[in-house]
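I have placed the structure first, in the form of structure tokens, so that the comments after it can refer back to it.
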Amino acid sequence: MEEVVDQSLREMRDTFASGRTRSVKWRKTQLEAIIEMVKDNEDKMCDVLFQDLGKHSTEAFRDELGFVMRSATTALNCLDKWVVPKKSNLPLLFYPSTGKVISEPYGTVLVLSSWNFPISLSLDPLIGAISAGNTVLLKASELSPNASAFLAKTIPSYLDSKAIKVIEGGPDVATILLKHQWDKIFFTGSPRIGKIIMAAAAEHLTPVTLELGGKCPTIVDHHSVSKDMKSVVKRISGGKWGSCSGQACISVDYVLVEKSFASSLIEMLKPMIRSFFGENPKESGCLSRIVNKKHFQRLARLLNDPGVQASIVYGGSMDEEKLYIEPTILLDPPLDSEIMNEEIFGPILPIITLRDIQESIGFIKSKPKPLAIYAFTKDENLKTRILSETSSGSVTFNDVMIQYMCDALPFGGVGESGIGRYHGKYSFECFSHEKAIMEGSLAMDLEARYPPWNSFKLTFLRLAFREAYFKLVLFMLGLKK
Ligand SMILES: NC(=O)c1ccc[n+]([C@@H]2O[C@H](COP(=O)([O-])OP(=O)(O)OC[C@H]3O[C@@H](n4cnc5c(N)ncnc54)[C@H](O)[C@@H]3O)[C@@H](O)[C@H]2O)c1
């Protein structure tokens with residue numbers, strides 16, 4: 001493997017050095033090829049997603065194939081605009097110099113992706129890296145082996161294989177990759193492995209984007225949304241069970257609601273689950289499977305905690321052979337239980353009751369900064385408090401997960417939920433170095449810049465730094481001390 005990595009890196013570096021990937025034409029050709037690849041292989045992609053995760057093809061299209069095609073199309077349509085150098089309006093102080101910012105590709109970048117959306121979380125960063133003109137090595141997750149094998153086999157037949165490489169493997173391969181020097185590392189995964197990635201990147205002072213996870217709270221302020229409760233319940237159910245069975249970084253992790261409303265909420269969630277997945281969700285074909293036995297056993301352990309077991313108000317059945325966990329609702333599991341302290345990443349929804357919904361702010365602040373906060377409320381005061389008193393990658397009012405799809409907004413975490421952001425033009429920026437360009441003029445010079453120093457120059461500098469141009473003119477004319 002060491003040799004394969006060495007050889008791949010050499011080839012990618014040579015390709016980058018040749019300047020080929022910098023041309024907008026090359027970038028567009030690759031983006032078109034990604035769209036072509038997804039279109040040509042829709043059935044195969046749906047098959048591998050079903051094999052790895054039991055994902056329904058419609059869900060697969062919404063979260064992966066369709067998402068990737070949209071992302072590549074946006075990049076294709078906007079690239080000409082994104083690559084234009086941005087003119088900077090310099091203060092008069094710097095006259096007659098001019099300034100601009102140009103986006104240059106980092107060079108050769110490493111993308112490490114996760115298993116829960118193995119197609120989109122691999123191809124979407126690739127779209128950003130290509131748009132910015134980089135060469136890229138992608139390693140998808142070993143935990144979605146069919147998707148990983150598909151990408152390794154198919155990408156080289158559509159994209160420039162001297163510039164874009166795919167390597168399969170797990171932590172051992174990632175460890176080899178991380179020993180090398182990259183110009184940028186883009187990682188999607190857990191905060192625990194994120195720390196390993198950042199430590200390895202530090203060796204070479206390589207910039208990183210870390211797209212991590214965490215627990216995303218959902219506030220339900222029933223007072224202000226009582227008339228829309230059906231939509232609220234539908235959105236929460238979609239955000240917990242409708243996308244990879246809750247195995248998504250931006251899934252609803254738990255709900256915060258006032259005690260007086262909790263039982264009504266639960267009574268509305270139950271029929272919603274049945275309307276999504278029928279009387280027997282296991283056979284519905286619409287609920288993704290837990291990715292593997294290890295993750296199944298992790299979720300079973302969380303659920304088998306006696307305090308958590310006692311809190312089950314709906315569901316709770318499990319079938320290890322079929323990697324199936326029934327959509328499950330918990331009411332007030334112990335706050336010190338593991339399920340309330342680690343990212344659930346599965347189809348289990350704890351409902352935590354509060355005396356007053358305003359207490360949700362303190363609850364969220366007592367935990368690590370989430371990737372997303374969701375709040376169903378029309379109370380402007382509560383909205384303002386959420387925005388100003390909490391910190392998270394994003395806040396979505398009256399909806400869940402949709403912020404991910406909206407590529408006009410940056411997507412990324414803060415604190416333990418990640419570093420950096422991407423999507424849409426933010427992906428282009430994520431994989432570009434913004435280089436400052438200043439064009440000076442040799443036509444004139446400011447003596448105050450240079451020694452020998454004296455009090456005249458000091459006063460001049462004081463006024464110039466304050467951009468007090470009128471006073472500066474008076475001072476130079478001897479009309480002001
Ligand atoms: N922010 C996002 O966009 C986003 C999206 C999906 C998942 N996630 C997060 O990812 C996590 C689940 O995904 P996961 O289980 O694939 O994460 P993970 O951290 O276990 O693995 C992610 C990647 O790291 C590699 N890896 C594993 N061990 C490694 C090691 N010791 N050294 C180097 N690389 C190693 C894996 O091969 C994989 O490619 C959750 O925390 C979830 O919230 C975040």
Side-chain angles (χ1 to χ4, degrees), residues 1 5 52-53 63-64 67 71 110-125 128 137-145 147-148 151-152 166-180 182 185-201 203 208-216 239 243-253 288 290-296 298-299 341-346 368-372 392-394 401 403-405 407 409-423 426-427 430:
M1 183 47 74
V5 172
D52 285 336
L53 293 154
D63 294 350
E64 309 224 36
F67 177 79
S71 172
L110 174 64
V111 173
L112 299 171
S113 71
S114 172
W115 50 263
N116 52 343
F117 300 92
I119 300 287
S120 58
L121 292 177
S122 298
L123 295 183
D124 200 29
L137 189 142
L138 164 71
K139 189 196 82 60
S141 172
E142 71 286 4
L143 302 189
S144 45
S148 174
L151 292 169
V166 188
I167 286 189
E168 286 195 84
D172 47 336
V173 172
T175 305
I176 295 172
L177 291 169
L178 289 169
K179 280 195 195 129
H180 290 271
W182 301 88
I185 299 176
F186 185 101
F187 170 79
T188 304
S190 60
R192 187 175 68 83
I193 306 298
K195 289 178 190 169
I196 297 176
I197 305 297
M198 198 159 168
E203 276 300 306
V208 290
T209 294
L210 303 178
E211 292 288 339
L212 311 178
K215 292 178 87 64
C216 301
S243 191
C244 205
S245 215
Q247 301 169 102
C249 54
I250 48 166
S251 283
V252 169
D253 190 283
S288 297
I290 306 308
V291 63
N292 58 25
K293 289 217 171 188
K294 194 170 150 230
H295 275 277
F296 180 93
R298 177 185 65 81
L299 287 162
N341 290 285
E342 73 168 64
E343 185 180 7
I344 298 174
F345 230 57
K369 295 177 180 180
L371 186 55
S392 57
S394 64
M401 297 183 84
Q403 78 281 5
Y404 184 85
M405 293 281 170
D407 55 18
L409 290 170
F411 178 79
V414 59
E416 279 191 33
S417 56
I419 296 174
R421 66 222 177 121
Y422 75 134
H423 285 189
Y426 302 99
S427 287
C430 169

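All of these numbers come straight from a predicted model, not from anything done at the bench. We count ligands from 1, going down the list as the structure has it; atoms in each ligand are counted the same way.
- Close contacts between ligand 1 and Gly189 involve ligand atoms 8 (N), 9 (C), 10 (O), 11 (C), 17 (O), 19 (O), 22 (C), 41 (O) [criterion: under 4.0 Å to a heavy atom].
- Checking only distances, Asn116 never comes within under 3.5 Å of ligand 1, N or O to N or O.
- Between His295 and Phe345, the ring planes lie tilted relative to each other; the angle falls in the 30° to 60° range.
- Within a 4.0 Å radius of atom 24 (O) of ligand 1, the protein contributes at least one heavy atom.
- In this structure, the protein non-hydrogen atom closest to atom 34 (N) of ligand 1 is Ala174 CB, 3.2 Å.
- Looking at ligand 1, you'll find an N or O of Lys139 within less than 3.5 Å of one of its N or O atoms.
- At a 4.0 Å heavy-atom cut-off, ligand 1 touches Ser113 through the backbone alone.
- In terms of protein heavy atoms, atom 27 (C) of ligand 1 is closest to Pro171 CG, 3.9 Å.
- Counting heavy atoms under 4.0 Å from ligand 1, residue Val173 does not touch it at all.
- Numbered from 1 in the order shown, with element, the atoms of ligand 1 that lie under 4.0 Å from a heavy atom of Glu142 read 36 (C), 37 (O).
- Here the heavy atom of the protein found nearest to atom 13 (O) of ligand 1 is Ser114 OG, 3.0 Å.
- Taking CG of Asp63 as the start and CG of Leu53 as the end, the distance is 11.0 Å to the nearest 0.5 Å.
- Below 4.0 Å from some heavy atom of Glu211 lie the following atoms of ligand 1, by number and element: 1 (N), 2 (C), 3 (O), 4 (C), 44 (C).
- Which of Tyr404, Phe345, Tyr422, Phe187 comes nearest to atom 12 (C) of ligand 1 through a heavy atom is settled by distance: it is Phe345.
- Comparing Thr209, Thr188, Ile250, Ile196 against atom 22 (C) of ligand 1, the shortest heavy-atom distance belongs to Thr188.
- In terms of polar-atom proximity, defined here as any N/O pair under 3.5 Å, Thr175 makes no such contact with ligand 1.
- Every atom of ligand 1 with a heavy atom of Leu121 under 4.0 Å away is listed here by number and element: 5 (C), 6 (C).
- Counting heavy atoms from C-beta on, the side chains of Glu64 and Leu121 never come closer than 4.5 Å.
- Atoms of ligand 1 lying under 4.0 Å from any heavy atom of Leu212, numbered from 1 in the order shown and given with element: 1 (N), 2 (C), 4 (C), 44 (C).
- Close contacts of ligand 1 with Leu371, meaning ligand atoms under 4.0 Å from a residue heavy atom, involve 1 (N).
- For Tyr422 and Phe186, the gap between ring centers is short of 6.0 Å.
- With hydrogens left out, the protein atom closest to atom 16 (O) of ligand 1 is Trp115 CD1, 2.9 Å, a heavy atom.
- Here NZ of Lys195 is found 9.5 Å from CG of Leu212. Values are rounded to the nearest 0.5 Å.
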